[in-house]
Amino acid sequence: MVPTDFLQNVYSRLGEVPFGKVTTYKRLAMAVKTKAYRSVGNAMRSNKDLTNIKCFKVVKSDGSLGGYALGAREKIRRLKAEGIEVKDGKIVDFKKKLFTF
DNA sequence: CAACCGGCCTGGA
DNA sequence: CTCCAGGCCGGTT
């Protein structure tokens with residue numbers, strides 16, 4: 001299937017997030033001029049290209065992890081690989097690690 | 001057309 | 001102030 005404009009937009013924006021930083025579903029949604037936070041998550045889920053699309057860099061607005069296709073465990077591991085610590089299911093120093101578009 | 005969703009926010013206990 | 005439940009928006013399948 002061919003990705004929609006929305007999806008391409010989301011993926012593109014996600015690619016702007018620098019190493020060591022994260023973003024939220026909401027912020028991402030705002031970046032693509034939409035209020036469909038849920039759809040963004042849905043988009044991540046439907047994404048197959050995990051190698052090129054770092055969906056693990058997207059978390060909830062309150063700093064908690066949210067979901068991940070490969071499991072929360074894996075998500076945490078990946079984030080840690082970028083120097084982002086996760087404690088008790090939440091990002092440490094979330095506000096600092098948060099990237100704003 | 002109907003159902004699903006990796007969320008967010010607000011209100012009540 | 002913290003915790004739980006319900007409601008709600010928008011886009012995909």
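Chain letters run A, B, ... following the sequence lines, proteins first, then strands; residues in each count from 1.
Of the candidate nucleotides dC9(C), dC4(B), dC9(B), dC9(C) has the atom lying nearest to any side-chain atom of Arg38(A). Each of dG7(B), dT12(C), dG10(C) was ranked by its minimum atom distance to the side chain of Thr4(A); first place goes to dT12(C). Checked against dT12(C), dG6(B), dC9(B), the side chain of Lys75(A) finds its nearest nucleotide in dG6(B). Listed candidates were dG10(C), dT12(C), dG7(B). Nearest to the side chain of Lys60(A) is dG7(B). For Ser61(A), the listed nucleotide lying nearest its side chain is dC9(B); candidates were dC9(B), dC5(B), dT13(C).
Rounded to whole Å, atom P of dT12(C) lies 11 Å from atom CG of Asn9(A). Per the geometry, CE belonging to Met30(A) stands 13 Å off C1' belonging to dC9(C), to the nearest Å. For Arg45(A) and dC4(B), the CZ to P distance is 15 Å, given to the nearest whole Å. Rounded to an integer number of Å, the gap from CD of Gln8(A) to P of dT12(C) is 11 Å. Put simply, CG on Leu28(A) is 16 Å from C1' on dC9(C), counting in whole angstrom units. If you measure from atom NZ of Lys33(A) to atom C1' of dC9(C), you get 18 Å, rounded to the nearest angstrom.
Salt bridge annotation for Glu82(A)-Lys21(A): absent, with no cationic side-chain nitrogen under 4.0 angstrom from a carboxylate oxygen.
Put simply, the side chain of Lys75(A) gets close to the backbone of Gly67(A): a donor and an acceptor are under 3.5 Å apart. Of the possible polar contacts, one joining the Ser46(A) side chain to the Asn42(A) backbone as a donor-acceptor pair under 3.5 Å is found.
The base of dG6(B) is not paired with the side chain of Tyr68(A) by any donor and acceptor separated by under 3.5 Å.
Among the atoms of the strands shown, base atoms are found under 4.0 Å from some heavy atom of Val58(A). At a threshold of 4.0 angstrom between heavy atoms, the contacts of Ala29(A) with the nucleic acid are absent. Across all strands, Phe6(A) comes closer than 4.0 Å only to sugar-phosphate atoms, never to a base (heavy-atom distances).
Pair check for dC9(C) finds none; no Watson-Crick or G-U wobble contact set falls under 3.5 Å.
Of the inter-residue distances, the one linking Phe99(A) atom CZ with Thr24(A) atom OG1 reads 12.0 Å to the nearest 0.5 angstrom.
In this structure, Val10(A) and Met44(A) have side chains that are in contact, with non-hydrogen atoms separated by less than 4.5 Å.
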